[in-house]
Amino acid sequence: MPNFINNMEFIIHKTDEKSSARAGTLFTDHGIIETPIFMPVGTVGAVKALHVKNVKEDVKAQIILGNTYHLYLRPGLEILENAGGLHKFNGWDLPILTDSGGFQVFSLSHKRKIKPEEGVWFQSHIDGSRHLFSPEKVMDIQRSIGADIMMAFDECPPYPCEYEYAKNSMNITHSWLKRCCDRFDHTEPKYGYAQTLFPIVQGSVYKDLRIKSSEFIASLNREGNAIGGVSVGEPTDLMYEMTDICCQILPKDKPRYLMGVGTPANILEGIAMGIDMFDCVMPTRNGRNGMIFTWEGILNMRNEKWKHDFTPIDLNSDLFADREYTRAYLRHLYRQRDVRPYDWQSS
RNA sequence: GGGAGGGUACCAGAGCGGUCAAAUGGGGCAGACUGUAAAUCUGUUGGCGAAGCCUUCGGAGGUUCGAAUCCUCCCCCUCCCA
């Protein structure tokens, strides 16, 4: 076995008595990550609209995301490798996690074709060129990118999704996962620091599939685990239900990553279920589009009627950390007809 | 003084006899956004209303069944030559 495996340490400092929430530290060669953590998304290597300096010093992000699919298409592996990896390329010297392109199987559904035995054929959204993403290739690309945390190549099924499709999709994801692990375990990092691989639970909104998938993922005993296939349009309560099921099976001593989530309330509920890591395009994309979460509800800063004082939601504030208070407040908000609470109504 | 081209809705800018309350952008006003095909997308943007009616294309007249579109005069603007 290569030396680089199993050297990403995760220490849990404290657990909540009333919920499954925990506070921990994840160690990587690019620095520590204090969990629970929200990871800003920088798909093409940079968090949009922000300079690396802002992301680090103002947002105080401890880790950012990149995307295998996007980085592979542009700037491409040759440039990334010549630069010495993504960290050198974009100037971000803290940890990076790369998504595998699994989400693009979902979001680019009309531009790709799944071939279970091979992988997925994509047609580039940039120039229309065709590319095959196999589990092995995705591992190789992420080695070239040099992410501290690499994600397994999965299929993210849509919602709604028939049971049979979800089951089949899950099985494909599992078989791809084995191939990802095999490739990962037989290759080494290219830039002298450790990389780790997180597998992803699938199973759509079906309880038995989620249980089965979680058990399979847990059995692999990787250094961290992810829950995928959520926040693709399903009702929030279903997302919570599936997350809870997965969390109860996934190893307690390993970080749990809920992919693509979410709103402030989503994050709070996720933490209570034992999630340690989150990512979502919402703060960056919606932020660019003028939206801000406040204690008075959703605010669109481009709208004249909202030009008044407000209190932004601060995920690091003690106020927000009090889940019962926040729940009660959000319920109160939801009762006010003139306020858009987003999906905060779930409690 | 001579010559040429213009003045269209909040702005820019199409339209040049009826299908024009007037294309298209921008701006304004709203809506959407959950591992980013997104600094994007959608709706709306003269007034009142259900159909419909009323007031709009520099100003005033005129031609016509009908004018933002044609004619006359006037007022502005831009460019070229003196």
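This is a predicted model, so every value here is computed, not measured. Note on naming: letters A, B, ... go to the chains in the order of the sequence lines (proteins, then strands), and numbering restarts at 1 for each one.
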When rounded to whole Å, the NE2 to P distance for the pair A/His70 and B/G35 reads 11 Å
Say you pick atom P in B/C16 and the same atom in B/U63; how far apart are they, in whole Å?
25 Å
Whole-angstrom distance between B/U42 and B/U55, as gauged at atom C1'
31 Å
Could you tell me how far apart A/Asn286 (CG) and B/C41 (C1') are, to the nearest whole angstrom?
12 Å
Any A/Arg302 side-chain nitrogen or oxygen under 4.0 Å from OP1 or OP2 of B/A30
no
Does the distance from a Lys or Arg side-chain N to an Asp or Glu carboxylate O, for A/Glu188 and A/Arg143, drop under 4.0 Å?
no
In terms of heavy-atom contacts, A/Val232 and A/Pro158 come closest through CG2-C, 4.4 Å
Give me the distance, rounded to whole Å, that separates B/A30 from B/G7 when you measure between the P atoms they each carry.
34 Å
Under-3.5 Å donor-acceptor pair between A/Asp154 side chain and B/G35 base
yes
Whom does B/G1 pair with, Watson-Crick or G-U wobble, provided both distances fall under 3.5 Å?
B/C81
Of A/Ser107 and A/Ser231, whose nearest nucleotide on RNA chain B comes first from the 5' end?
A/Ser231
Looking at every strand, decide which applies to A/Gln202 at a 4.0 Å heavy-atom threshold: base, sugar-phosphate, or nothing.
base
With a 3.5 angstrom cut-off on both distances, give the Watson-Crick or G-U wobble partner of B/U56, or none if there isn't one.
none
Pick the C1' atom in B/U8 and in B/A12, then give their distance to the nearest Å.
11 Å
With ring centroids as reference points, do A/Phe122 and A/Phe133 lie under 6.0 angstrom apart?
yes
Partner of B/G66 by Watson-Crick or G-U wobble geometry, both contacts under 3.5 Å, or none?
none
Pair A/Gln248, A/Asp244: side-chain N/O donor-acceptor within cut-off below 3.5 Å
yes
Indicate yes or no: at least one non-hydrogen side-chain atom of A/Ile227 is less than 4.5 angstrom from one of A/Met242.
no
P gap between B/A22 and B/G52, integer Å
13 Å
Counting only Watson-Crick pairs (N1-N3 plus N6-O4 or O6-N4) and G-U wobbles (N1-O2, O6-N3), all under 3.5 Å, who is the partner of B/A23?
none
Distance between the C1' atoms of B/C73 and B/A50, in whole angstroms?
45 Å
How far does the C1' atom of B/A21 sit from the matching atom of B/A14, given to the nearest Å?
16 Å
Would you please classify the geometry between the A/His131 ring and the A/Tyr72 ring as parallel, tilted or perpendicular, with 30° and 60° separating the classes?
perpendicular
Whole angstrom value for the distance that separates P of B/G35 from CZ of A/Phe106
9 Å
Could you tell me whether A/Gly233 contacts a base, only the sugar-phosphate backbone, or nothing, with contacts defined as non-hydrogen atoms closer than 4.0 Å?
nothing
Should B/C29 form a Watson-Crick or G-U wobble pair with both distances under 3.5 Å, which nucleotide is its partner?
B/G43
Side chains of A/His87 and A/Asp93: is there a donor and an acceptor less than 3.5 Å apart?
no
Comparing A/Lys48 with A/Pro157, nearest RNA chain B nucleotide closer to 5' gives the residue A/Pro157
Rounded distance (Å) that lies between atom C1' of B/G28 and atom CE of A/Met301:
18 Å
Name the closest nucleotide to the A/Asn289 side chain, picking from B/A38, B/C33, B/G35.
B/C33
May I ask you to evaluate whether A/Gln104 reaches the phosphate of B/G35, defined as a side-chain N or O under 4.0 Å from OP1 or OP2?
no
Ignoring the backbone of A/Met282, work out which of B/U34, B/G35, B/C33 is nearest its side chain.
B/U34
Under 4.0 Å, counting only non-hydrogen atoms across every strand here, what does A/Ile200 touch: a base, just sugar-phosphate, or nothing?
base
Quickly work out the A/Phe278 CZ to B/U34 C1' distance and round it to whole Å.
12 Å
What is the nucleic acid contact for A/Ser124, judged by heavy atoms within less than 4.0 Å: base, sugar-phosphate only, or nothing?
nothing
Which nucleotide, B/G35, B/A38, B/A37, lies nearest any side-chain atom of A/His110?
B/A37
Using a distance-only test with no angle check, is there a side-chain donor-acceptor pair under 3.5 angstrom linking A/Glu155 and A/Tyr165?
yes
Could you state the atom-to-atom distance from CG of A/Asn300 to P of B/A30 in whole Å?
9 Å
Whole angstrom value for the distance that separates C1' of B/G35 from CD1 of A/Ile227
12 Å
For B/A38 versus B/G31, give the span between their C1' atoms, rounded off to a whole number of Å.
16 Å
B/U36 OP1/OP2 closer than 4.0 Å to side-chain N/O of A/Asn67
yes
Taking atom C1' of B/U34 as reference, at what distance in whole Å does atom CG of A/Leu65 sit?
13 Å
Mind checking who B/U36 pairs with, Watson-Crick or G-U wobble, both distances under 3.5 Å?
none
